[in-house]
Novice: 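The structure is given below, and queries will be raised subsequently.
No experiment lies behind these values; they were computed from the predicted model shown.
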Amino acid sequence: MLVLWCPDWPAVAAAAVGGVAVTRPAAVFAGNRVVACTAVARRDGVRRGMRRREAQSRCPDLAVFGNDDERDARLFEAVARAVEALVVGVEVVRPGLVAVPVAGAAGYFGGEHALVERLVDEVSAAAGVECQVGVAEGLFAATLAARHGAFVEPGRVAEFLAPLPITELDDRPELVDLLRRLGLRTLGAFAALPERDVVNRFGADGMLAHRLARGRSERPPLRRRPPPELTLTEEFDPVVERVDVAAFLAKGLATRFCAGLAGHGLACTRLGIHAVTEDGEQLGRVWRCAEPLTPAGVADRVRWQFEGWLRPGHRPKSGVVRLRLEPEETVEGRSLQLELGGEGGLAEADERAARAFVRVQGLLGPEGVLTPLLDGGRDPAARLRLVPWGDPRERTTPAGATWPGRLPAPSPATVLDRPVPAQVFDAEGRAVGITAREWVTAPPRRLSVAGGAPRDVVGWAGPWPLAGDRRRPRPQRARLQLLLAAGPDEPPEAVLVHCAGTENPLWTVEGVYD
């Protein structure tokens with residue numbers, strides 16, 4: 001297999017869209033951390049995983065961009081077309097990486113080296129980007145060969161992989177961290193372990209990584225041709241001419257496509273996306289995926305492909321009237337681990353609910369149905385993010401991110417949309433505030449909410465200061481938890497309160513605990 005790799009593609013695509021010169025350092029951030037950067041930025045000390053503040057301190061001229069899968073896929077279509085002009089059977093693994101079978105094309109162009117030279121020249125001329133090419137047996141080894149610009153002879157894949165660092169398994173960070181702590185620094189050291197011991201110690205995911213380290217495919221080949229009825233074809237009336245419309249339609253198609261595969265005990269690892277325009281123009285692309293595709297994964301790849309097809313300056317002469325999703329390669333359904341509740345009546349109920357949500361979105365638009373996602377933040381209201389139904393429910397902040405002043409568990413059972421004004425007094429009846437050292441001016445003893453009768457405070461915790469912008473001085477702010485005594489007609493309750501200022505402090509109630 002031949003793999004063509006465009007290094008730092010998210011950063012290259014972002015810089016191209018933003019009009020940033022290639023000589024200026026650029027980086028793409030997700031969750032305030034670097035996910036990709038250009039070679040110029042790396043020379044200035046910028047690295048993947050680095051926080052934005054540290055990256056900008058090392059490289060003040062750094063051009064900052066947000067992560068955008070649609071943008072990356074849209075621009076990468078030009079590279080895929082350039083490869084397709086020379087080689088048949090192009091498979092897009094992800095934006096920035098394509099794989100093609102090498103045997104036939106190498107024979108036609110007079111050898112692998114001659115083919116690689118033609119590909120590099122064609123991509124440079126047609127898309128204006130640099131690329132690296134590698135040849136090896138299997139997608140994993142060929143991808144690493146592309147990163148090193150290597151041609152691995154048949155039967156020598158394990159020898160090529162052995163000295164490479166264990167961090168090449170970068171899509172499994174937890175496993176890599178564990179292996180490094182165990183002293184396994186290279187793929188060869190990991191591959192030397194007995195397979196039975198690997199399964200017992202690291203589980204199924206470790207076994208798959210072990211196969212890759214030994215130069216084998218992640219999954220054994222499945223000698224089974226997908227039944228023709230698994231191909232899903234959809235006619236569009238009116239025709240599809242906009243990416244947002246295609247993305248909306250793709251969600252329902254992806255669910256039906258994966259349900260048809262699951263009914264035959266299969267999951268898709270190579271997805272063919274084919275379209276026909278109103279003028280009869282044929283469009284097609286094959287996407288390869290290391291893991292079996294879920295409905296969300298299928299929908300993402302359809303959306304990305306339409307981003308490339310409907311790109312300004314490269315779009316077809318007319319809209320798309322027919323879309324065909326074809327499973328080019330399948331694996332047994334057990335390769336796709338489902339939740340324990342994903343069978344029987346619960347699965348049917350989930351499917352009915354999903355169809356209902358899609359119908360509501362058809363009436364109200366994609367933002368008409370939102371689902372909550374718990375993300376990073378200092379307080380319960382800030383941690384809650386609403387995601388449109390069907391969109392990826394992915395955190396925007398790293399799981400291990402620290403939040404100075406973050407409230408400890410448990411969170412309030414009720415978070416008020418509009419905080420209620422309140423007053424907090426000490427034992428002498430004076431107003432309590434927050435000092436410059438981020439502490440209360442006196443222990444809180446009574447709380448009055450919205451001008452009501454004061455209630456005794458029998459316990460309190462905090463304060464948890466709220467960090468602000470040091471360049472813009474603001475009053476000292478903090479949150480406290482107050483436990484209120486029971487009243488004649490009121491049970492004891494705990495509340496979350498917010499205070500701003502030392503003199504004439506402003507207090508509000510933000511939440512109530514059960």
Side-chain angles (χ1 to χ4, degrees), residues 69-70 73 92 94 226-237 240 242-275 284-307 309 320-373 386-394:
D69 293 333
E70 288 82 2
V92 180
R94 61 176 182 270
E229 61 267 22
L230 295 182
T231 298
L232 178 63
T233 303
E234 187 77 8
E235 304 281 346
F236 299 131
D237 185 17
V240 176
R242 292 167 44 191
V243 175
D244 58 341
V245 175
F248 179 71
L249 296 173
K251 296 176 183 177
L253 294 176
T255 300
R256 289 162 47 198
F257 177 74
C258 291
L261 289 171
H264 287 75
L266 299 174
C268 181
T269 54
R270 280 176 57 202
L271 173 66
I273 304 174
H274 307 275
R285 181 74 69 233
V286 176
W287 286 80
R288 176 185 286 267
C289 187
E291 294 292 335
L293 287 169
T294 62
V298 173
D300 284 343
R301 281 152 181 81
V302 173
R303 184 177 74 251
W304 295 346
Q305 193 55 60
F306 270 89
E307 285 276 356
W309 284 339
V320 174
V321 296
R322 187 182 306 115
L323 176 67
R324 187 174 83 254
L325 301 181
E326 185 173 346
E328 299 280 347
E329 181 182 87
T330 58
V331 295
E332 294 180 355
R334 65 170 177 265
S335 300
L336 181 60
Q337 183 64 45
L338 303 176
E339 295 181 359
L340 293 177
E343 298 180 1
L346 182 57
E348 296 178 2
D350 289 346
E351 186 177 353
R352 290 196 300 270
R355 288 198 297 267
F357 292 157
V358 171
R359 287 196 295 271
V360 174
Q361 283 183 315
L363 297 173
L364 304 180
E367 302 292 333
V369 181
L370 304 175
T371 58
L373 174 66
L386 297 178
V387 180
W389 171 259
D391 284 2
R393 293 169 51 82
E394 299 175 351

Novice: Answer yes when Glu70 and Arg303 have at least one side-chain N-carboxylate O distance shorter than 4.0 Å, and no when they do not.
Specialist: yes

Novice: Can you tell if the side chain of Leu230 reaches within under 4.5 Å of the side chain of Leu266, non-hydrogen atoms only?
Specialist: yes

Novice: Is there a side-chain contact (heavy atoms from CB on, under 4.5 Å) between Leu271 and Leu293 once you walk through the steps?
Specialist: CA-CA 9 Å; Leu271 173 66; Leu293 287 169; 3.8 Å; yes

Novice: Could you please spell out the steps behind the side-chain contact (heavy atoms from CB on, under 4.5 Å) verdict for Val298 and Cys258?
Specialist: CA-CA 8 Å; Val298 173; Cys258 291; 3.8 Å; yes

Novice: What's the shortest heavy-atom distance between Ala299 and Ala254, and which atoms?
Specialist: N-CB, 3.6 Å

Novice: Output yes when a side-chain donor or acceptor of Arg256 lies under 3.5 Å from a complementary backbone atom of Gly252, and no otherwise.
Specialist: no

Novice: With side chains defined as the heavy atoms from C-beta onward, is the minimum distance between Phe257 and Leu232 less than 4.5 Å?
Specialist: yes

Novice: Starting at CZ of Arg285, measure out to CD of Gln305 and round the result to the nearest 0.5 Å.
Specialist: 5.5 Å

Novice: Hey, what do you get for CG (Leu325) to OG1 (Thr231), rounding to the nearest 0.5 Å?
Specialist: 9.0 Å

Novice: Please lay out, stage by stage, how Leu386 and Thr371 fare under the test side-chain contact (heavy atoms from CB on, under 4.5 Å).
Specialist: CA-CA 5 Å; Leu386 297 178; Thr371 58; over 6 Å; no

Novice: Are side-chain heavy atoms of Pro388 and Leu370 found at a separation under 4.5 Å?
Specialist: yes

Novice: With respect to Phe306, which candidate in Val245, Leu249, Leu323 satisfies the side-chain contact (heavy atoms from CB on, under 4.5 Å) definition?
Specialist: Leu323

Novice: List the steps, then state whether salt bridge (Lys or Arg N to Asp or Glu O under 4.0 Å) holds for Glu234 with Arg324.
Specialist: CA-CA 6 Å; Glu234 187 77 8; Arg324 187 174 83 254; over 6 Å; no

Novice: Kindly compute the distance separating CD (Glu328) from CD1 (Ile273), expressed to the nearest 0.5 Å.
Specialist: 10.5 Å

